[in-house]
Amino acid sequence: MEEKRRCFSLSRNKFLQHWCVILFISSLAILPLTQSFNYGKALSKSLLYFESQRSGRLPYNQRVTWRHHSGLTDGLEQGVTPPFQPYTYNIFTKSFIYIVMFDICISNLYEQVDLVGGYYDAGDNVKFGLPMAFTVTMLSWGVIEYGDEISSAGEYTHALEAIKWGTDYFIKAHTHPNVLWVEVGDGDTDHYCWQRPEDMTTSRQAYKVDEKNPGSDVACETAAAMAAASIVFRKTNPHYSHLLLQHAEQLFEFGDKFRGKYDESVRVVKGYYPSVSGFKDELLWAALWLYKATDKEDYLSYALEKANEFGGITWAITEFSWDVKFPALQIIASMLLTEANQREMGFKLVFEQYRSKAEYYLCACLNKNNGSNVNRTPAGLLYIRQWNNMQYVSNAAFLLTVYSDYLRASNQRLRCDRGKVGPEEVLLFARSQADYILGANPMGMSYLVGYGSRYPQRMHHRGASIESYRENKGFIGCTQGYDYWYPRNDPNPNVVVGALVGGPDHMDRFSDDRKNFMQTEACTYNTASLVGVLAKLHGVEEDGYLNTPLLASS
């Protein structure tokens, strides 16, 4: 009997030990999913990221000290230099006439424009106008919605600096009412080299859209960015706000009058930022932002009257990005219904159709449509596509966050095929996406670089992966970077704090490899949308309804 008891006791102990091990391992897997996050700290880091992406002459208060001045001759000279010939031959008098104003005449044959400044879009050294403008639009929208929360985190000045670095550049790039410079550098030659921006030897050719070479999409996205930014600066810098609004209105008129896709005029952009959705969404998007900035009914009437023709009330989309603006403009239009005046109520049906399409997108993110919903990874991350998926996640989280505020303020619920959803559940799902980004995922990895104890160490980023200019002012050549720095297994010598990388695959797997650009490259527009989400979460993290366990919309 004692032997049996002993055997039973040993067996029971082994059984308990076995399950203790299983529970311990399970707790490790669950731990990242239940941890809390410092959203204010994450917000601060996200705004710091934009200083890593600056092009041009860096200011005295630059906080990212491993970066230095770059692209200081951008836009200095475009076109072909004419031969030196300070005279012309008059066929009537058969004599040479010297040009007195030679310097002026010759300079008119050049196309000179100051394009110093702006942002590099990602881990390369090209300045692409369309994603840069979208970045500024989303940063501005975040400040408009959550300026108080950003202020409480002590980051309001930094947020405005991030926006102004972009809008200052747009003012330079808009050299004529119907001319906008939309790219500096060439993606093909740039990708041939692995160099710090401070050492660039690649082409700095600049490209523009104009009356003969239209680009309604990029012109109107830039108009939207400047209109949104004008709202941001209205109180702190009214003169600058007015200047931005002037440019925004001119750019919208240009984009509307001379219609066309910018990638048909600037063909070098096709392999990098093609306008797949066309330009009609940007026309509606810009009109709505101009209405919000000016209160001029003509802009709202434009968005209402063109809603059907331009797809605003016909396209049901499950993606919001630098290219596809339909879900966001549908959300903005639907939120205007409650403030529409008597004249605009004649378009009530159009407002309702905008709202229907907005709800389709939001419900798709929440997995509440009977039809098409946004795919998710096993751990619950929204998943659109393999390449840089986090851009779609941060954009969706932002739109969900903004709309949850609208629902709460108007005492409404989101109408989905599978039932109505309250503002708390909408915000909680947005928070779940932010938490996944910050580390609540099976990898236990923060995809916001520099946040937490574990984050990507080998970002696909030229400047970050090479010894900084501050540490080594020696020239690093085009292929020298590929030969020595690119293939190294060591972590990057410089940390791009606040960068939101492309993120995991459809099974929540992530490979921290510099060559794995689909997952380890970050873009400015990834982080831009996240700023607003983090600001909102920082502002309400003490409120009781955010302490509710995360709700799985299924």
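In this text, all values refer to a predicted model and were calculated from it rather than measured experimentally.
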Between Tyr240 and Phe233, how do the two ring planes meet: parallel, tilted or perpendicular, split at 30° and 60°? perpendicular
Which residues share a salt bridge (charged side-chain N to carboxylate O under 4.0 Å, His left out) with Glu521, sequence neighbours left out: none
Would you verify whether the NZ or CZ of Lys127 falls within 45 degrees of the ring axis of Tyr119 while also being under 6.0 Å from that six-membered ring's centre? no
Just jot down the side-chain hydrogen bond (donor to acceptor under 3.5 Å, both in side chains) partners of Lys270, sequence neighbours excluded, or say none. Glu264
Taken in chain and number order and not counting sequence neighbours, the residues that satisfy side chain to side chain contact (heavy atoms under 4.5 Å, CB included) with Ser152 are His538
Do His247 and Gln250 meet the criterion of a side-chain donor-acceptor pair at a distance under 3.5 Å? no
Residue pairs passing the side chain to side chain donor-acceptor pair (under 3.5 Å) test with at least one member in residues 226-236, sequence neighbours excluded, are none
Residues two or more places apart in sequence or in another chain: which of them pass salt bridge (charged side-chain N to carboxylate O under 4.0 Å, His left out) with Arg63? Glu51
List the residues meeting ring-ring contact (aromatic ring centres under 6.0 Å, His included) with Phe128, not counting sequence neighbours, and say none if there are none. Tyr272, Tyr273
Partners meeting side-chain hydrogen bond (donor to acceptor under 3.5 Å, both in side chains) with Thr520 (sequence neighbours left out): none
Please list, chain by chain and in numerical order, all residues satisfying salt bridge (charged side-chain N to carboxylate O under 4.0 Å, His left out) with Asp483, sequence neighbours excluded. none
Donor-acceptor contact below 3.5 Å, side chain Asn178 vs main chain Phe254: no
Thr401 meets the side-chain hydrogen bond (donor to acceptor under 3.5 Å, both in side chains) criterion, sequence neighbours left out, with none
Residues in side chain to side chain contact (heavy atoms under 4.5 Å, CB included) with Cys478, at least two apart? Tyr192, Cys193, Gln195, Thr201
Identify, with sequence neighbours excluded, every residue that meets salt bridge (charged side-chain N to carboxylate O under 4.0 Å, His left out) alongside Glu145. none
Under the side chain to side chain contact (heavy atoms under 4.5 Å, CB included) test, residues paired with Ser446 that sit two or more places apart: Leu448, Tyr451, Tyr455
